[in-house]
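To start, the structure itself, in structure tokens.
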2 protein chains.
Amino acid sequence: MARVAGVSVATVSRALRGLDRVSPQTRARVLRVAEDLHYVASPTATSLASGRTRVAAVVAPFLTRWFFATLVSAIEKSLRAAGHHVLLFDLEDDSYDHRLPLSQNMLWKRVDGVITLNIPMTSDEIELVDRLGLPLVAIGSPVPGRPCVRIDDRAAMRTAVEHLAGLGHTRIGYIGAVPQNVAHIQTPQDRLEAFLATVEQQHLTCDDGWILGSDWTAEAAARDSTALLSRPDRPTAIVAASDEMAIGVRESARRLGVRVPEDLSIIGIDDYVLSAVLGLTTVRQDVAGLGHAAAGLLLKALLEDDRSTEEIVLPTELVVRESTGRVPAAAQPQLS
Amino acid sequence: MARVAGVSVATVSRALRGLDRVSPQTRARVLRVAEDLHYVASPTATSLASGRTRVAAVVAPFLTRWFFATLVSAIEKSLRAAGHHVLLFDLEDDSYDHRLPLSQNMLWKRVDGVITLNIPMTSDEIELVDRLGLPLVAIGSPVPGRPCVRIDDRAAMRTAVEHLAGLGHTRIGYIGAVPQNVAHIQTPQDRLEAFLATVEQQHLTCDDGWILGSDWTAEAAARDSTALLSRPDRPTAIVAASDEMAIGVRESARRLGVRVPEDLSIIGIDDYVLSAVLGLTTVRQDVAGLGHAAAGLLLKALLEDDRSTEEIVLPTELVVRESTGRVPAAAQPQLS
DNA sequence: CTGAAAGCGCTTACAG
DNA sequence: CTGAAAGCGCTTACAG
């Protein structure tokens, strides 16, 4: 390449990367030759010489769920627009309550930075990333001393419960209590705590038996909610900690002949891809926005060496559709 | 590292990679020192010296849809189990009818091979991959001269139509006709052609107006099917080319008061993640299986230099749930 | 503005 | 079985 252009490899390197100290004519010639030869600098040699790979690790607890796929898609686009690439890690393991650990082999000299998607890091993993000197941005579950992008899970849940209270509901059930397999994740904890706090603050009723565990899939939610919905003294509204579970509950109601929203109101959180078409009331979060924000933070650390501990909290928004309505007359509190 | 272990770098390299010609004692010492020092060979230096990166590019037309996320997840796990990593490319572009092209910058000296997920390659892209000498495995949309993993889309569609015919349906509509934005993809073509062929062969009726286009989302399918379902002379069954569209049609029916399956049968293809809980009859494909098979094929090319043009066709399976039933009595053909 | 040279951290013949 | 040396293809001071 240098030989064809009649210059040194150093000049080729400078010309192609747009550095100073190259004459316009020389640069033009180098660029033309590069074009003719389909020349692209070897990223592996560049990485070895420069110490930077222009690759970021994106680490997900699993990928097949909409929330994570949407994050990854947004991150990939943001990073690639800035000339970076995504090395993807799906840490899902065979058993539900265990994920693969982040290892040095995944990161060392392979990536310049890391974005974690709702991954509660172990102390070993934090120490590893520290030792490797890698910038890291967390989405969702925060990592101490690192920038984080998230929504306010408590506020989102409060919005959901208050929406139901505003419709006159006083007897409210909950699905999505912290299950085994996500006991280490922050979101389920926060949402349940905020639910209970809001119920108490608004003087609503939620019996112990109305709080259901679930593995956060629609399928499990349908199964796990059947017993509760069959009871004559069931609540008049259900809050699902995610839209996928809300869809499961709605389906369970349909099978039992419980009309939504006439007999039962259901609200979720997320604004899942199918929520609009299914008419599900929800508290929307901008999942792609979380991804773009996280990518932006990582790029700032990478390109500007900005090691701030910034926290970005994206807003959520109540979206009222057809799965919630006024409390059934028969269930209204008696005026005394 | 070599200094601490008291051997040459060549010996370290051989010991760590498990090559011959290293004495057991030396190997043990090297391994112990490596452990102590958290030593992991720099993949960038290894790649430069060896010419192999142990990274595969996974190229998707978009990522947020369940089908693609499931494929990526399966591929990532298979490849990582074999010591390889995944560089992910989401080719979705701003406009629906256009995707980003595969470029030399994405592949050259960056990956050892490529897996395409339902990507119809342009001749430029095929030439690029040829020029770079990269093995490639296609999922879905085949690439000439390359191994491919797919289902038999025509057979799957035939199964769906025959299921309806077996229930007595003779008036059958279709949603998922090849839309602008996927005109270059094989699957929609194959499914529609097989639908029409089976309808003719089984002497069924499908008016021109019963074949609906759609962008293959539930939302669009709900919207696009409303007019047809409102007509008094509507078909008694709808075949959706994907489960996501089937869900949209089912929702559209619900809003119109058309009962499923009493008034209208609906069948999809895929066995989407929500299909079971929603009780949707479908023709299942093993999406994760496609991903694992493709990863296996690529690894064979990478590790054993096996450049066969093998084609793997995975079976599909009718899964009867609650969205299909016998043709309504009023719509049964008159016995004459 | 340009080039010669060292160096990034490995692998791979080649000697021994 | 082990080591010295060249080479992978760049970037980066250092001279000029």
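Chain A is the first sequence line, chain B the second, and so forth, proteins listed ahead of strands; every chain is numbered from 1.
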(message) With a 4.0 Å cutoff (strictly under), does any side-chain N or O of A/T11 reach OP1 or OP2 of C/dT2?
(response) no

(message) Looking at every heavy atom in both A/G113 and A/L134, which two are closest together, and how far apart are they?
(response) N-CD2, 4.1 Å

(message) Is it true that A/T11 and A/S8 share a donor-acceptor pair across their side chains at a distance under 3.5 Å?
(response) yes

(message) If we count only N and O atoms by modelled type, under 3.5 Å, do the side chains of A/R150 and A/Q186 hold a donor and an acceptor together?
(response) no

(request) Give a yes-or-no answer on whether the side chains of B/S23 and B/T26 include a donor-acceptor pair shorter than 3.5 Å. (result) yes

(request) Run the salt-bridge test on B/D93 and A/K77 with the 4.0 Å N-O cut-off and return the result as yes or no. (result) no

(request) Return the nearest nucleotide to the side chain of A/T26; candidates are D/dC10, C/dG3, C/dC1. (result) C/dC1

(request) Please tell me which of A/R29 and A/V9 maps to the more 5' nucleotide of DNA chain C, matching each residue to the nucleotide holding its nearest heavy atom. (result) A/R29

(message) With a 4.0 Å limit, can you tell me whether A/Y39 has a side-chain N or O closer than that to the phosphate oxygens OP1/OP2 of D/dG9?
(response) no

Might you list the N or O atoms of the protein lying below 3.5 Å from N or O atoms in nucleotides 13-16 of chain C, with each pair's distance?
none

(request) Could you tell me whether B/R146 and B/D130 make a salt bridge, using a distance below 4.0 angstrom between a side-chain N and a carboxylate O? (result) yes

(message) If a pair means Watson-Crick or G-U wobble with both distances below 3.5 Å, what does DNA chain D look like in dot-bracket form, with | marking bases paired to a different strand?
(response) |||.||||||||.|||

(request) Considering non-hydrogen atoms only, spot the tightest contact between B/R27 and B/G18 and give its length. (result) NH1-CA, 3.1 Å

(request) Give me the residues of residues 42-50 of chain B where at least one heavy atom lies under 4.0 Å from an atom of DNA chain D, by number, or none. (result) B/L48, B/A49

(request) Answer yes or no: is there an ion pair linking A/E35 with A/R29, defined by an N-O contact shorter than 4.0 Å? (result) no

(message) With rounding to the nearest 0.5 angstrom, report the CZ to CD1 distance, A/F89 to A/I119.
(response) 11.5 Å

